There are 2 protein chains.
Amino acid sequence: MEPFRGQPLQPENHTKQRSADEDAPPKQRVQDEIRRDIIFGALPPGTRVTETALATKYGISRVPVREALRALEAEGFVESKPYAGSTVSKIPVDDAEDLFFVREALESATARRAAHRAAAQFGSGAPSVEWWQARKVLAGVLDEGDAAVAQNRLELLPELNIRFHLGVAELSGSASLTALLRQIAGKIEWLYATDVDNRGKESWSEHRSIIAAIDSGNFADAEKLMANHVHQSKEGYLDRFSAEEA
Amino acid sequence: MEPFRGQPLQPENHTKQRSADEDAPPKQRVQDEIRRDIIFGALPPGTRVTETALATKYGISRVPVREALRALEAEGFVESKPYAGSTVSKIPVDDAEDLFFVREALESATARRAAHRAAAQFGSGAPSVEWWQARKVLAGVLDEGDAAVAQNRLELLPELNIRFHLGVAELSGSASLTALLRQIAGKIEWLYATDVDNRGKESWSEHRSIIAAIDSGNFADAEKLMANHVHQSKEGYLDRFSAEEA
DNA sequence: TGAATGGTGATTGAATACAATTGCCGTCAC
DNA sequence: GTGACGGCAATTGTATTCAATCACCATTCA
């Protein structure tokens, strides 16, 4: 359910943000690790993943491994058959177009709502605590991403990208939209990781303008900018993929 | 992951379609049972569900119960905190509007795609086996639903409704859309169950025209009809809910 | 009197042990 | 030579047991 541990509400410990989370619960640890391996290609699609192998690899029992695999199955990263084991899912290039379509619809609505909510926050006296916290986290993500771009560490962008978009969802205040976006966030990151060298920098630069529109309560612009942002990602990905075919 | 057992590919055994699935794997059994209890109100939101209680209730061990709870958590029916247990989620009336919004976007695209695919099936010689099977299942669902309406057994409609819409998704041939729709299908059914007495009959009658548009390959109509269908559901639900408030 | 603190029961998290199912491989009959 | 049948190994599904954590409540001290 929760793709990313770390404390999004306490932005003070930015240093060890993503260094394997030594002390996290075993189940969460293996789940994150396996997902990471899948997203970044260490576990190619079709790979057979057995519980015992993972259990011995991480030095834990099979039970937490099972739960991790089940969670990953719900996220769409692995597929399981009863008594037959689990395999890494086929990378969703075939229905990437669908994924982007849904994402465009989801995120446009999210951005619009976030802008509305931002206007309401500032309109009626002081902003709520939760809104302010979410906004603060988002600011941190933006800074981190800019730093990553400046240092040319593009491998950090996939996760930051997800955190940005989930942050906007938080800002929208809609639990439903956040949950749905979180559902497809994993696969988005999967696609993004294969395309980050191509459009990563340009894509990231668009984020600030989206936030600016949201902050100013300009919901029409926010919706439009977000739609365009996702649309560009889609085009870029599809172009790259069809080019790769040839 | 798979909310509905039963053999959707073998429409011959319609009789015991949903009579608790005696011989199903325990995990699946409790998962379906708990979800059902939540949807139909036997387990009201906020209810605390402990693993031991469920284990003794169903006469099995805690492990399958755990997995069932985790799966239901992924579906959004229960919420869990580490070492603190699980509780039934608040019924998503607050973000019902979001849910319907996303659903409208998803299902419009699904219907459009299904119509496109139907035209392609008939255009190029014989339809594929899988398409034909999916279409056949859908026909069965439509008949079952009509029978349920005729016999005034409206309690059967929530599940049939989900099976109809998932059937259309299957017809669209997009695994991505199907998976996403399946994700929100549970909550949709949850809402639907509270509104079935109000709009169940009328809603069901609209299904045939949608299928007709899909069959004839009229993708514009299919999309429009589906969008309208979902929109009507939304309006009906929101009206009823706001009326209930007063 | 109020708040901090320690203990205790309940509940989940994880590990180990056992049962059930599957797929494969060798063998054998035809 | 080819097909089917039977046994075996590998793997998952389930049960049982133990450890870690948390919430609640009584107690105690300022």
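Just so we're on the same page: letters track the sequence lines, and every chain starts at 1. This one's a predicted model, so the numbers in the text were calculated from it and none came from an experiment.
- OP1 or OP2 of dA15(D) has at least one side-chain nitrogen or oxygen of Ser61(B) nearer than 4.0 Å.
- Under the 4.0 Å criterion applied to side-chain N and carboxylate O atoms, Glu73(A) and Arg70(A) are assigned as salt-bridge partners.
- The phosphate of dG13(C) has OP1 or OP2 within less than 4.0 Å of a side-chain N or O from Arg70(B).
- Of the two residues near DNA chain C, Gly59(A) and Tyr83(A), the one whose nearest nucleotide lies more 5' is Gly59(A).
- Note: CG (Leu69(B)) to C1' (dT11(C)) measures 13 Å, nearest angstrom.
- Scanning for ring pair (Phe, Tyr, Trp, His ring centres under 6.0 Å) contacts around Tyr58(A) gives an empty result, with sequence neighbours left out.
- With respect to Lys187(B) and Glu189(B), no salt bridge is recorded, no charged nitrogen being found less than 4.0 Å from a carboxylate O.
- Computed from coordinates, the Glu67(A) CD to dG13(D) P distance equals 13 Å when rounded to whole Å.
- Note: OH (Tyr58(B)) to P (dT14(D)) measures 15 Å, nearest angstrom.
- Aromatic pair Trp131(A)/Phe122(A): ring centres closer than 6.0 Å.
- Remark: P of dA15(C) and NZ of Lys27(A) are 13 Å apart, rounded to the nearest angstrom.
- For Lys81(A) and Glu79(A), the salt-bridge test fails: no basic side-chain N is under 4.0 Å from an acidic carboxylate O.
- Note on Arg113(A) versus Glu170(A): no salt bridge recorded, every NZ/NE/NH1/NH2 to OD/OE distance being 4.0 Å or above.
- Near-neighbour residues of DNA chain D inside residues 43-54 of chain B, defined by a heavy atom below 4.0 Å, are absent.
- The NZ-C1' distance, from Lys81(A) to dG13(D), rounds to 18 Å in whole Å.
- If you take CD of Glu73(A) and C1' of dT12(D), they are 13 Å apart, rounded to a whole angstrom.
- Checking dA17(C), dA15(C), dT17(D) against every side-chain atom of Arg62(B), the shortest atom distance belongs to dT17(D).
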